[in-house]
Every structure is written in structure tokens, then in C-alpha cells.
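In what follows, a single structure is set out as C-alpha cells and then discussed.
Letters A, B, ... mirror the listed sequences (proteins, then strands); counts begin at 1. Note that the structure is predicted; figures quoted are calculated from it, not measured.
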Amino acid sequence: MTRKWLRWLPAATVPAVIAAGVLAGSLPANAGDPLPDKSPAQVLALVAGHRDAAFSGTVEQTSSLGLPELPPASAGGDTAWLELLTGPHTARVYRGGPEQARIQVLDRFAERNVVRNGQDLWFYNSKDNTAAHAKLPAGTRPEPRQDAVPQPDRLAEALLARLGRSGDVTVGPEAEVAGRAAYRLVLTPRSSTSLLAAVEISVDGRNGMPLGVQVKARGQSEPAFSVAFSKLSLEAPDASVFRFSPPPGAAVKELPVPDHRAGDTKRPGPNAHGKVHPKGEAKVSGTGWESVVELPAGAFAADAARQQGGNGDAAALLAKTAVPVPGGKLLSTALLNVLILDDGRVLAGSVPLERLQAVAAGR
Amino acid sequence: MLLALAAVPVLIAVAVRLSSAVPPGRGPAFLDQISQNGLFVGITAMLVAVPLFLPLTIGVVAGDTVAGEASLGTLRYLLAGPAGRGRLLLVKYAGAVLFAVAAPFTIALVGAGIGAVLFPVGPVTLLSGDSIGPAEAVGRLLLIAAYLAVSLVGLAAVGLFMSTLTDVPVGAMAATVVLAVVTQVADALPQLDWLHPWLFSHRWLDFADLLRQPVVWDSFAANALLQAGYVAVFGALAYARLATKDILS
């Protein structure tokens with residue numbers, strides 16, 4: 001009888017060993033010495049002092065904004081950015097210098113690429129085999145904004161520049177991101193009206209490069225938006241990564257030279273990948289965490305119309321999620337409220353509806 | 001059984017050849033690329049075969065291993081010899097693994113062959129937009145077949161265990177195939193996402209990562225680890241079951 005039970009021993013041990021291995025792997029590994037204590041100002045100085053190094057890495061992005069999940073890569077062209085706001089995404093980021101970058105958004109059986117090499121900027125979508133090309137004026141920063149997952153270091157810099165001054169900055173407990181020890185900068189708004197509860201930025205303890213960004217919304221324990229490196233290598237990627245020519249048979253579209261100055265100043269929320277329409281002049285009221293962006297009538301309508309001509313994902317999403325409120329329609333997410341007024345104006349900001357309505361009324 | 005698998009790429013190639021151009025974005029991924037490049041027949045055929053066809057054949061082969069001998073009444077005689085039960089199990093499993101390796105390679109090679117006959121062969125466009133030459137493309141094709149072979153090794157171990165549970169081979173086959181389908185259904189339910197990384201079918205379709213430039217090896221490694229876990233667990237279970245079983249037939 002005992003011999004019989006002995007035979008079952010391996011069958012019982014193997015799952016136990018696997019479970020132990022998984023548990024051991026999920027424990028936070030203590031990566032050597034803890035980082036020296038630093039004040040918030042010192043960490044900020046560390047970030048400001050970091051050089052734009054060449055690197056290659058993998059970025060994981062998750063968002064729970066309360067938007068319905070769109071099927072991955074269903075949206076092509078103009079509405080692709082919208083799909084990036086729903087569900088998780090993985091992207092590989094390569095940077096070879098100030099004018100060389102490549103971002104690959106890895107979808108299932110498809111991939112979206114943004115390649116910048118010198119003055120050439122390429123977009124490629126394998127789903128419908130389309131490519132777009134733009135010639136950038138010399139000296140522009142490599143910021144291929146739409147069609148790609150945000151890069152943690154760029155996003156962190158933008159957030160610090162916009163929110164750092166109007167919020168409190170503290171240093172939280174040490175974090176580990178992509179296997180590297182990191183300081184955790186916590187930005188909290190001073191005002192109580194902002195929808196944002198906190199923005200956490202992980203900063204590499206050694207070279208000051210931001211490794212991850214988490215945006216927390218009020219009343220939500222899970223981060224509403226998070227993007228961070230899961231793998232990072234600080235070696236310069238192979239130059240062949242940045243050489244891109246559209247594959248044979250791809251439909252290539254030549255884009256007009258993008259005007260970066262127009263698109264730069266009005267990004268209200270950290271997460272508003274929002275399409276800022278170059279034609280309409282946007283107006284920003286309030287500062288920092290409470291800023292509200294107002295797009296004049298027509299700017300958004302033109303956009304929506306064009307998208308309806310396309311595959312209509314943005315319009316469909318809008319119809320599905322916007323709720324009627326006095327004076328217009330409200331698209332509410334965990335981090336951003338967008339008020340579409342009946343007269344066509346659009347107001348967006350990380351603030352409650354009442355504040356948007358007050359701005360709309362000109363108060 | 002390999003012949004039945006080889007029929008999949010032939011069917012796809014002939015169907016595409018006879019029909020007019022497939023618009024991009026319709027049907028299984030890569031289908032629209034076949035008419036430009038025959039090598040994609042192999043990839044498309046594997047993609048089509050992964051959810052049901054391959055697990056079906058693996059289930060039949062692995063489910064038959066021990067239960068088949070038992071139902072024929074030959075298991076007794078095999079164990080009458082000096083070879084132990086552990087060794088018998090090992091040999092039977094090796095046979096199932098051999099089939100799991102042969103099956104995807106058959107689809108890939110037959111697909112590439114029929115594609116080369118019916119369609120032009122040229123540089124292959126990867127998902128990343130880069131193009132590689134036909135020789136490297138065949139290399140990638142074989143890599144995908146290897147990925148699928150690894151993917152099926154875990155299922156073969158599950159089938160082996162099922163086969164030790166019963167003397168009716170059809171029961172073991174059906175149980176294995178049903179399990180393969182059920183895990184894929186569970187993998188599609190977002191409510192069960194805590195379970196997903198533990199399902200042996202979770203990474204079956206991630207072979208597309210081998211079509212990127214540079215290749216994403218993470219999924220290959222993670223898949224191999226996952227399948228190794230299944231082989232260890234169900235191998236041990238199968239051994240325990242067979243070693244303690246009263247062999248009556």
C-alpha cells in the first residue's frame with residue numbers, strides 16, 4: 001500500500017515545486033543596495049540632468065478609463081489613437097539619438113510602426129498595409145505623437161513641465177522598474193477639483209531617466225493609466241533598426257509637413273492624446289491640473305465628419321459613451337471630461353462637469 | 001493523419017488561386033498576401049490549423065497511446081517484459097511528441113511547396129514593414145513550425161495522462177480535444193484573465209511575434225516554459241496513474 005502511494009509522490013511534488021517557483025518569482029527582488037535618500041528637489045534635479053541616451057526597451061501600457069474596449073487595431077488611420085486609450089498595449093521603443101527613433105506597437109497578428117530617421121518620418125500599419133511619410137524640418141524633436149504608445153520618459157517630462165509647479169511633489173517608497181532601482185516621485189494636486197488624485201513617476205536611481213508613469217484618478221485604487229518600461233537596455237540599437245522603406249505593394253501617402261508649434265501647447269490632461277486640431281485656435285483657461293481646453297465650433301465637427309467618412313469608430317464610441325447634459329453632451333472618463341456643447345464648441349479638462357460648464361458660460 | 005493536415009495548405013492555396021483577389025483585412029490574417037507571395041500559404045495554413053485541427057490530431061495520437069494498447073489487450077504483454085511501466089510511458093510519449101513535431105512542419109513545408117508552385121515567391125514583408133529574402137523567410141517559417149511543435153508538446157502530455165485514465169481510447173481522445181477547445185474558450189473570456197497565463201493554449205497564437213523585425217523571443221521562451229510545466233505536471237500524473245493501475249487487459 002505504501003509503495004502505491006509513493007508512486008503519486010512526483011505528481012504531488014511537481015505542482016508544489018512550480019507553485020514555489022512562481023511565488024519566489026513574484027516576490028520583489030531586492031536589487032542590491034537601496035538608493036541613497038534624496039529630497040524631491042534632488043530627484044527633480046536628477047531628472048532634469050539626465051541625458052537623452054540611446055536605448056532599446058519594451059513598454060507596457062494599461063488604461064482603465066472607463067471607455068469601452070475597442071477591438072485591437074480595428075481602427076486604422078485617423079482613429080488609431082483612440083484604440084490606444086482602451087485596453088493594454090505592448091510596444092518596443094528604440095532610440096538611437098536625437099533624430100533616430102522607432103516605436104513598434106505590437107498587436108496580435110499586426111503591428112504599427114513609427115520610424116524616425118533624420119528628417120524622414122514613417123508610419124506603417126501592417127493591418128491594411130499602408131504607409132505614410134513626412135519630411136520633417138531639420139531640428140524638430142522626435143515626437144511622433146499619434147499612432148503610438150507614449151514613451152515613459154517623454155510623457156514624464158511633459159507632465160513635470162506642466163504639473164510640477166502647481167502641485168506638491170514628494171518622494172515615495174523606492175520602486176523597481178524594468179529591473180532597475182528607481183525613485184518614485186509623487187505629484188499631487190493642491191486643488192481639490194481636479195479629477196486626478198496623483199501622478200507617480202518612477203525615476204531611474206542612477207541616470208535619472210523616467211522609467212514609468214502612473215496616473216491615478218480620484219476614487220479609483222487601480223491606476224487609471226500606466227505606462228512603464230518592462231525591459232530596458234541602455235545600449236545603442238543597431239542602426240538598421242531605423243532604416244525603413246515601405247514594403248512593396250503598400251499604399252504610401254505623403255503627409256504635409258507637420259506643424260509642431262500648433263500642436264504643442266494645448267494638451268490638457270496627461271492622457272489627452274487628444275487630437276488637437278491644427279485649424280481651430282484652442283483656448284486654455286486655468287493652469288496646471290485644472291486647465292480647461294476650449295476648441296471653437298467647427299474644429300471637432302469637421303473631425304467627426306471626416307471620421308464618419310472613414311470607419312466611424314470615433315463617432316460610434318462617442319455615440320455609445322456620451323451622455324446628454326444641459327447644454328450639450330458629456331464624454332466622461334476617469335481622467336478627463338469632454339463637454340461637447342450644442343453650439344459645436346468642445347471643452348476638455350481633468351475637472352468635474354460643473355467647472356467645464358462654468359468655463360463654457362464664460363465665468 | 002499527416003496527410004489530412006497536409007490537405008489544409010493545399011485547400012487554401014487552391015481556393016485562393018481560383019478566387020479573385022482577397023481584399024486586405026478580410027478572412028484570416030495573411031490570407032491577402034498569398035497571391036503575392038506563395039510562402040504565406042504555409043503561415044496561413046498554420047494559423048488556420050492551430051485552434052482545432054492540430055489539437056485534434058494531437059488528441060487522437062496522444063489519447064491512443066496507453067488506452068489503445070489497453071483496449072487491444074496488448075498492454076499486459078508489453079508490461080510482461082523486463083521494461084518497466086515508466087519506460088513504456090516514456091516511449092509512448094516520445095511517439096506522441098514526434099507526431100507533435102511532425103505535424104506543424106508538414107503543414108509548413110507542404111504549404112510553402114504548394115505556394116511556390118501556384119504563386120510567385122519573392123521577398124516577404126514582415127509585420128514590422130521590413131522585407132526579408134525568401135531564404136530567410138523559409139527560416140522564419142520553420143521557426144514558426146518549431147514554435148507550434150513546442151506548443152503542442154504540453155497538449156500531448158495532457159493526452160497521455162487522459163490515456164492512462166481509461167481503457168477506451170476514444171474517450172481519452174475526446175477528453176483531450178474537448179479540453180483543448182475549452183481552454184481556448186476560457187482564454188477568450190476577459191472575466192477569467194487571472195487564469196489566462198496558466199492555460200496551455202494561451203500562447204498558441206503568439207507565433208506572430210516571430211514575424212516581427214527584430215524577432216520578439218519573449219513569447220517563444222515563455223511558451224516553452226509554460227509547456228515544460230505542463231509536461232512535468234501531467235507526465236508525473238500519468239506515471240503515477242499507470243504505475244498504480246491494475247492492468248487487467
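- Counting all heavy atoms, side chain and backbone alike, A:P10 lies closest to B:Y239 at CG-CD2, 4.4 Å.
- Using a 4.5 Å cut-off between heavy atoms, A:R102 contacts chain B through its side chain alone, with no backbone atom that close.
- Residues A:E111 and B:R212 meet the side-chain proximity criterion, which asks for heavy atoms closer than 4.5 Å.
- Atoms CG and CZ, on B:D130 and A:F244 in that order, are 6.5 Å from each other to the nearest 0.5 Å.
- Looking at B:L205, the atoms closer than 4.5 Å to chain A (heavy atoms on both sides) sit in the backbone and in the side chain alike.
- Considering only heavy-atom pairs separated by less than 4.5 Å from chain A, the leading option among B:A238, B:G122, B:S128 is B:S128.
- In this structure, A:E254 places its CD atom where more than 12 heavy-atom neighbours from other residues, nucleotides or ligands lie under 6.0 Å away.
- With a 4.5 angstrom heavy-atom cutoff, B:F234 does not touch chain A via any of its atoms.
- Taking each heavy atom of B:V215 and A:R92 in turn, the nearest pair found is O-NH1, 3.9 Å.
- Taking CG of B:L127 as the start and NZ of A:K127 as the end, the distance is 10.0 Å to the nearest 0.5 Å.
- Residue-level contacts of residues 135-147 of chain B with chain A do not occur; threshold 4.5 Å between heavy atoms.
- Highest contact tally toward chain B, considering only A:T58, A:V14, A:V17, is held by A:V14 [criterion: heavy-atom pairs under 4.5 Å].
- Using a 4.5 Å cut-off between heavy atoms, A:V22 contacts chain B through its side chain alone, with no backbone atom that close.
- Scored by the salt bridge (Lys or Arg N to Asp or Glu O under 4.0 Å) test, B:R203 finds B:D206 as partners (sequence neighbours excluded).
- The residue among B:L211, B:D209, B:L47 with the most heavy atom pairs within less than 4.5 Å of chain A is B:L47.
- Contact of B:P123 with chain A is not made at all, since no heavy-atom distance falls under 4.5 Å.
- Contact annotation for B:D218: only side-chain heavy atoms (C-beta onward) come within less than 4.5 Å of a heavy atom of chain A.
- The contact between A:I18 and chain B is made entirely by side chain atoms (from C-beta outward), counting heavy-atom distances below 4.5 Å.
- Between chain A and the options B:A208, B:A243, B:P214, heavy-atom pairs under 4.5 Å are most frequent for B:P214.
- For chain B, no part of A:T13 is nearby; none of its heavy atoms comes within less than 4.5 Å.
- Heavy atoms closer than 4.5 Å to chain A are found in the side chain of B:S131, but not in its backbone.
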